[in-house]
Amino acid sequence: MKIKKILNQNAVLVEDDREEKVAIGKGVGFDKKRNDLLFSNEVERMFVMEPEGQKKLQSLLNQIDEKFLFAVEDIVDYAETVLMEKLDEHVLIALADHIAFSASNIRNGIIIRNKLLREIEILYSDEFSIAQWAVDYLNKELNIPYTYDEAGYIAIHIHSGRMGNHNNHQSIREVTIISNIIRLVEKELDVDIHSEQMSLNYSRLANHMRLLLQRYYKQQYAVLDDEIVKMVKSKYPESYEVAKKIRVLLIKEYQISTTSEELGYLAIHIERLRLAKQTEEKK
């Protein structure tokens, strides 16, 4: 393959099989110039990117230490092995940028707590497990004390990579919505929803909310018989009222509408939490 442009000493733009690619490897750009040949055994990772992606990668490589990029390569490889699927190539750029930024914060004594950590752990359990491995790996490989909170951020990047998203906006929005709903339920029921006793029902509610949002985006709504909805409303009035408050939150803050059937399902999950609280209070 022939070098078209030197990005830096560890990255070059090449032409390979009449296609432009970004080749990354330790020293691939060192003492090289345009039209020099580059051999495959010198390349650690190859990316086929549209011009915008090439510009983003070049910009990133000019701003961060390459050690972050190479560390993220290993994380992406590990994630793809565990998940048995390829991640979107843009996750490398976004995640390398993130961990470099986090390292800068750590050096400056700035520790950013992840308020969505528990929801991320529940909603994206596979990605979170990989992210926990990644934090341990980064701590050992880079000798930087990344905190447990970092696993949440890394999990979001991996999830976005699985979905083929070039940014994390959709994933973060989803987790934020669910986190706000969880806080509303905690307040209405006066319960610590993150306690060990509530963990199973909390997990059920969080995952139900994720499915509710996915159904909304796809315009595929839950089906529940009208008589069942009426029964839920009559039998679980307190929980149904909380479900109605969730509907108000969704439409007011996020412009997301919910059907009566969805309210019925929500009320059932909320009732489980309410009963679990009563059981604990009787002990």
K.L.:
Given side chains that start at C-beta, do those of T258 and I246 come closer than 4.5 Å, heavy atoms only?
P.N.:
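No - every pair of side-chain heavy atoms lies 4.5 Å or more apart.
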K.L.:
Checking side-chain polar atoms at under 3.5 Å, does E127 have a donor or acceptor matched by the opposite partner on H157?
P.N.:
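Judged by distance alone, the side chains do not pair up.
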K.L.:
Can you list the residues that meet the side chain to side chain contact (heavy atoms under 4.5 Å, CB included) rule with N108, with sequence neighbours excluded?
P.N.:
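In terms of side chain to side chain contact (heavy atoms under 4.5 Å, CB included), with neighbours along the sequence ignored, N108 is linked to S104, I110.
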K.L.:
Can you tell if the side chain of E262 reaches within under 4.5 Å of the side chain of H208, non-hydrogen atoms only?
P.N.:
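With C-beta onward as the side chain, the pair touches.
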K.L.:
Hey, does the side chain of N105 reach the backbone of I111 with a donor-acceptor pair shorter than 3.5 angstrom?
P.N.:
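Not at all, since once roles are kept as given, no pair shorter than 3.5 Å links the two residues.
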K.L.:
Taking a hydrophobic cluster as the set of Ile, Leu, Val, Met, Phe, Trp and Tyr residues connected by side-chain heavy atoms closer than 4.5 Å, whether directly or through intermediates, do V248 and L263 fall within one such cluster?
P.N.:
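Result: no, two separate clusters.
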K.L.:
Does the pair R272 and L275 meet the rule for a side-chain contact (heavy atoms from CB on, under 4.5 Å), with working shown?
P.N.:
CA-CA 5 Å; R272 284 174 172 169; L275 292 177; 6.0 Å; no
K.L.:
Show the atom names and distances, to 0.1 Å, of all donor-acceptor pairs under 3.5 Å that link a side chain in residues 229-243 to residues at least two apart or in another chain.
P.N.:
residue: S239; atom: OG; partner: E271; partner atom: N; Å: 3.3
residue: S239; atom: OG; partner: E271; partner atom: OE1; Å: 2.6
residue: E241; atom: OE2; partner: K244; partner atom: NZ; Å: 3.3

K.L.:
Find the distance between CG (L92) and CZ (F70) and round it off to the nearest 0.5 Å.
P.N.:
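If we round to the nearest 0.5 Å, L92:CG and F70:CZ are 10.0 Å apart.
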K.L.:
Under 4.5 Å between side-chain heavy atoms, counting indirect links through other Ile/Leu/Val/Met/Phe/Trp/Tyr residues: same cluster for I154 and V82 or not?
P.N.:
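Hydrophobic grouping puts I154 with V82.
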K.L.:
So does R113 get a backbone contact from the side chain of D149, meaning a donor-acceptor N/O pair under 3.5 Å?
P.N.:
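Checking the backbone N and O of R113 against the side chain of D149, no donor-acceptor pair under 3.5 Å is found.
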K.L.:
Name every donor-acceptor pair, under 3.5 Å, that has one atom in a side chain of residues 115-123 and the other anywhere in the protein, sequence neighbours excluded.
P.N.:
residue: R118; atom: NH1; partner: H194; partner atom: O; Å: 3.3
residue: E119; atom: OE2; partner: H194; partner atom: NE2; Å: 3.3
residue: E119; atom: OE2; partner: Y202; partner atom: OH; Å: 2.8

K.L.:
List the steps and the verdict of side-chain contact (heavy atoms from CB on, under 4.5 Å) for F101 and I64.
P.N.:
CA-CA 9 Å; F101 179 71; I64 70 169; over 6 Å; no
K.L.:
Minimum heavy-atom separation for A71 to L138, with atom names?
P.N.:
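So the minimum-distance heavy-atom pair works out to CB-CD2, 3.8 Å.
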K.L.:
Do I99 and I144 come close enough that some side-chain heavy atom pair is under 4.5 Å?
P.N.:
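No, every pair of side-chain atoms sits at 4.5 Å or beyond.
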K.L.:
Quick one: pull up NE2 in H159 and OG in S125 and give me the separation to the nearest 0.5 Å.
P.N.:
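The distance works out to 11.0 Å.
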K.L.:
Under the side chain to side chain contact (heavy atoms under 4.5 Å, CB included) rule, collect the residues that match up with A151, sequence neighbours excluded.
P.N.:
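Scan of A151 (side chain to side chain contact (heavy atoms under 4.5 Å, CB included), adjacent residues dropped) gives F128, A131, Q132, V135.
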K.L.:
How far does CD1 of I268 sit from CZ of R204, to the nearest 0.5 angstrom?
P.N.:
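CZ of R204 is found 12.0 Å from CD1 of I268.
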K.L.:
Does one hydrophobic cluster hold both L266 and L211, with members joined at side-chain heavy-atom distances below 4.5 Å?
P.N.:
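The answer is no; the residues belong to distinct hydrophobic clusters.
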K.L.:
Could you check if a side-chain atom of E20 sits within less than 4.5 angstrom of a side-chain atom of K4, using non-hydrogen atoms only?
P.N.:
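In short, these two side chains touch, coming nearer than 4.5 Å.
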K.L.:
Which of these, L69, L87, V72, sits in a side chain to side chain contact (heavy atoms under 4.5 Å, CB included) with L95?
P.N.:
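Exactly one option meets the side chain to side chain contact (heavy atoms under 4.5 Å, CB included) with L95, and it is V72.
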K.L.:
State whether R215 and E261 are salt-bridged, where the test is any N-O pair (Lys NZ or Arg NE/NH1/NH2 against Asp/Glu carboxylate O) under 4.0 Å.
P.N.:
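E261 and R215: not salt-bridged.
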K.L.:
Say whether I158 and Y153 are linked into one hydrophobic cluster, either directly or through other cluster members, by side-chain heavy-atom distances under 4.5 angstrom.
P.N.:
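No, separate clusters.
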K.L.:
If I compare all heavy atoms of Q255 with all of K252, which pair ends up nearest, and what's the gap?
P.N.:
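Nearest heavy atoms, Q255 then K252: NE2-O, 3.3 Å.
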K.L.:
Give a yes or no answer on whether the side chain of S102 reaches the backbone of H98 with a donor-acceptor pair at less than 3.5 Å.
P.N.:
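Pair found, side chain donor or acceptor close to backbone of H98.
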K.L.:
If you look at every heavy atom in G161 and V91, which pair is closest and at what distance?
P.N.:
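Looks like CA-CB, 4.3 Å.
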K.L.:
Can you measure from CG (L213) to OH (Y216) and round to the nearest 0.5 angstrom?
P.N.:
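Nearest 0.5 Å value for the CG-OH distance: 9.5 Å.
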K.L.:
Distance-only criterion, 3.5 Å: show the donor-acceptor pairs between side-chain atoms of residues 173-186 and protein atoms not counting sequence neighbours.
P.N.:
residue: R173; atom: NE; partner: Y217; partner atom: OH; Å: 3.4
residue: R173; atom: NH2; partner: Y254; partner atom: O; Å: 3.2
residue: E174; atom: OE2; partner: Y124; partner atom: OH; Å: 2.6
residue: T176; atom: OG1; partner: I172; partner atom: O; Å: 2.7
residue: S179; atom: OG; partner: R183; partner atom: NH1; Å: 3.2
residue: N180; atom: OD1; partner: R183; partner atom: NH2; Å: 2.2
residue: N180; atom: ND2; partner: T176; partner atom: O; Å: 3.4
residue: N180; atom: ND2; partner: Y254; partner atom: OH; Å: 2.5
residue: E186; atom: OE2; partner: I193; partner atom: N; Å: 3.0

K.L.:
How about NZ on K5, more than 12 heavy atoms from neighbouring residues, nucleotides or ligands closer than 6.0 Å, or not?
P.N.:
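For K5, atom NZ is not crowded (no more than 12 foreign heavy atoms under 6.0 Å).
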K.L.:
Can you name the closest pair of heavy atoms from E42 and V28 and give their distance?
P.N.:
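In terms of heavy atoms, the two residues are closest at O-CG1, 3.1 Å.
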K.L.:
Using 0.5 Å steps for rounding, measure from the CG atom of L13 to the CZ atom of R34.
P.N.:
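Between atom CG of L13 and atom CZ of R34 there are 9.0 Å.
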K.L.:
Working to the nearest 0.5 angstrom, can you tell me the gap between L38 CG and I3 CD1?
P.N.:
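Result: 5.0 Å between the selected atoms.
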K.L.:
Does anything in residues 71-86 pair up under side chain to side chain donor-acceptor pair (under 3.5 Å), and if so which pairs, sequence neighbours excluded?
P.N.:
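Qualifying pairs, neighbours excluded: R45-D77, D74-Y137, E80-K86, E85-R162.
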